[in-house]
Amino acid sequence: MQTRANAPKPDTGPYIGEVMLHCVIRPDDFKHTQAIIVSGDGWNICGHALLHVGPGWFFHVAGLHDRPRFMRHEGYQRYLRESDKREIRRTMVHIPDIFGAHRKLLDLVSRQWLWLMLPNNCTTFLEQIVQAGGSRAGMVFNCPSAEKFAP
């Protein structure tokens, strides 16, 4: 039994981050908020959006029916490398109500996200958090590589 416990884990694909079981970020972390747009993969020509807050926290949704994921800076670099993605742009997002954004993030990371392509995707995840924080930032077409994340 013990040798089995030390056996390498099967390859499950590129790194997409960790499920947050305990919140480690504070409302103050939302004083520095960015929408990060990275390239897509395979059939995804729209790219992908991630939320960056505080000193190096990254959040996103990456599965069809999965909990949102988080990663630190090292994990973000691993995600880009293993997914063969490149960063396209970063946009600063002003969050007037840091407590509202923090509450919304806690709510969203605590449950599964239903990915519905364009109407409920990675962009929607970011929009819900920043708009709960009083920002009007978002996208019209939910296609990150084609438009800016802006008010």
Side-chain angles (χ1 to χ4, degrees), residues 3-95 98 101-102 104-131 133 135 137-150:
T3 56
R4 224 179 204 184
N6 294 328
K9 294 179 183 171
D11 183 24
T12 58
Y15 178 75
I16 60 170
E18 308 295 328
V19 171
M20 183 173 277
L21 301 175
H22 173 72
C23 180
V24 292
I25 70 165
R26 304 174 323 248
D28 278 354
D29 290 329
F30 282 90
K31 290 180 179 177
H32 171 85
T33 303
Q34 294 177 320
I36 298 180
I37 308 304
V38 299
S39 58
D41 50 13
W43 54 267
N44 179 3
I45 61 169
C46 282
H48 187 65
L50 298 93
L51 179 70
H52 177 247
V53 297
W57 293 102
F58 299 82
F59 297 89
H60 71 137
V61 290
L64 295 177
H65 197 235
D66 197 4
R67 294 216 7 223
R69 302 296 178 120
F70 83 98
M71 51 194 122
R72 297 291 291 169
H73 180 73
E74 300 79 22
Y76 174 65
Q77 295 302 315
R78 178 181 171 196
Y79 163 74
L80 292 174
R81 186 176 57 254
E82 290 184 15
S83 300
D84 197 27
K85 294 181 181 282
R86 64 180 172 74
E87 189 171 304
I88 297 171
R89 71 179 142 323
R90 290 179 180 230
T91 305
M92 290 297 296
V93 181
H94 175 65
I95 307 294
I98 59 175
H102 185 256
K104 188 61 171 182
L105 176 65
L106 295 182
D107 175 48
L108 293 179
V109 299
S110 69
R111 53 190 162 101
Q112 288 187 319
W113 181 268
L114 178 58
W115 189 290
L116 297 173
M117 297 303 193
L118 290 178
N120 198 47
N121 63 9
C122 55
T123 302
T124 312
F125 176 76
L126 267 65
E127 288 172 336
Q128 287 186 15
I129 295 166
V130 302
Q131 290 172 5
S135 173
M139 293 183 172
V140 175
F141 301 109
N142 284 359
C143 187
S145 65
E147 60 184 308
K148 283 196 123 186
F149 195 86

Item checked: Positive for side chain to side chain contact (heavy atoms under 4.5 Å, CB included) with Thr123, one of Gln128, Met139, Glu147 -> Met139
Check: What's the shortest heavy-atom distance between Ala49 and Cys122, and which atoms?
Finding: N-SG, 3.3 Å
Checklist line | Separation of Trp57 CH2 from Asp29 CG (nearest 0.5 Å) | finding: 8.0 Å
Next item on the list: Assess whether side chain to side chain contact (heavy atoms under 4.5 Å, CB included) is satisfied between Ile98 and His102, documenting all intermediate values.
Entry: CA-CA 6 Å; Ile98 59 175; His102 185 256; over 6 Å; no
Extract all donor-acceptor atom pairs below 3.5 Å that involve side chains of residues 61-74 and protein atoms in other chains or at least two apart in sequence.
residue: His65; atom: ND1; partner: Gln112; partner atom: OE1; Å: 3.3
residue: Asp66; atom: OD2; partner: Arg69; partner atom: NH2; Å: 2.9
residue: Arg67; atom: NE; partner: Val109; partner atom: O; Å: 3.0
residue: Arg67; atom: NH2; partner: Met20; partner atom: O; Å: 3.1
residue: Arg67; atom: NH2; partner: Val109; partner atom: O; Å: 2.9
residue: Arg69; atom: NH1; partner: Gly17; partner atom: O; Å: 3.1
residue: Arg72; atom: NH2; partner: Pro55; partner atom: O; Å: 3.4

Next item on the list: Decide side chain to side chain contact (heavy atoms under 4.5 Å, CB included) for Lys148 and Arg89; before the verdict, give the C-alpha distance in whole Å, the side-chain angles of both, and the deciding distance to 0.1 Å.
Entry: CA-CA 9 Å; Lys148 283 196 123 186; Arg89 71 179 142 323; 3.8 Å; yes
Item checked: Distance-minimising heavy-atom pair for Ile88 and Ser145 -> CD1-CB, 4.1 Å
Notebook entry, point to check: Without hydrogens or angle criteria, can the side chains of Ser83 and Asp41 be said to hold a donor-acceptor pair below 3.5 Å?
Noted result: no
Next item on the list: Evaluate side chain to side chain contact (heavy atoms under 4.5 Å, CB included) for Val130 paired with Leu51, printing each intermediate quantity in order.
Entry: CA-CA 9 Å; Val130 302; Leu51 179 70; 4.1 Å; yes
Checklist line | Interatomic spacing from CZ in Arg90 to CD in Gln34 - rounded to 0.5 Å | finding: 5.0 Å
Item checked: Side-chain heavy-atom pair Arg81, Tyr15 within 4.5 angstrom cut-off -> no
Next item on the list: Not counting sequence neighbours, which residues clear ring-ring contact (aromatic ring centres under 6.0 Å, His included) with Tyr76? List them please.
Entry: Phe58
Note to self: Could you measure the distance from the CG atom of Asn121 to the CG atom of Leu114? Nearest 0.5 Å is fine.
What the structure shows: 11.5 Å
Notebook entry, point to check: Could you state the interatomic distance from NZ (Lys31) to CZ (Arg26), rounded to the nearest 0.5 Å?
Noted result: 9.0 Å
Check: Is any side-chain heavy atom of Phe59 less than 4.5 Å from a side-chain heavy atom of Ile25?
Finding: yes
Check: Going from CD1 on Ile37 to CG on Leu50, what distance comes out if it is rounded to the nearest 0.5 angstrom?
Finding: 8.0 Å
Next item on the list: Over 60° means perpendicular and under 30° means parallel, so classify the ring planes of His48 and Tyr79, tilted if in between.
Entry: tilted
Notebook entry, point to check: So Asn142 and Glu127, side chain to side chain contact (heavy atoms under 4.5 Å, CB included) or not? Walk me through it.
Noted result: CA-CA 10 Å; Asn142 284 359; Glu127 288 172 336; 3.7 Å; yes
Check: If you take all heavy atoms of His60 and Ile16, which pair is closest and at what distance?
Finding: NE2-O, 2.7 Å
Notebook entry, point to check: If every non-hydrogen atom of Lys104 is compared with every non-hydrogen atom of Ile129, which pair is closest and at what distance?
Noted result: CG-CA, 3.9 Å
Notebook entry, point to check: Quick one: CG on Leu105 to SG on Cys23, what's the gap to the nearest 0.5 Å?
Noted result: 6.5 Å
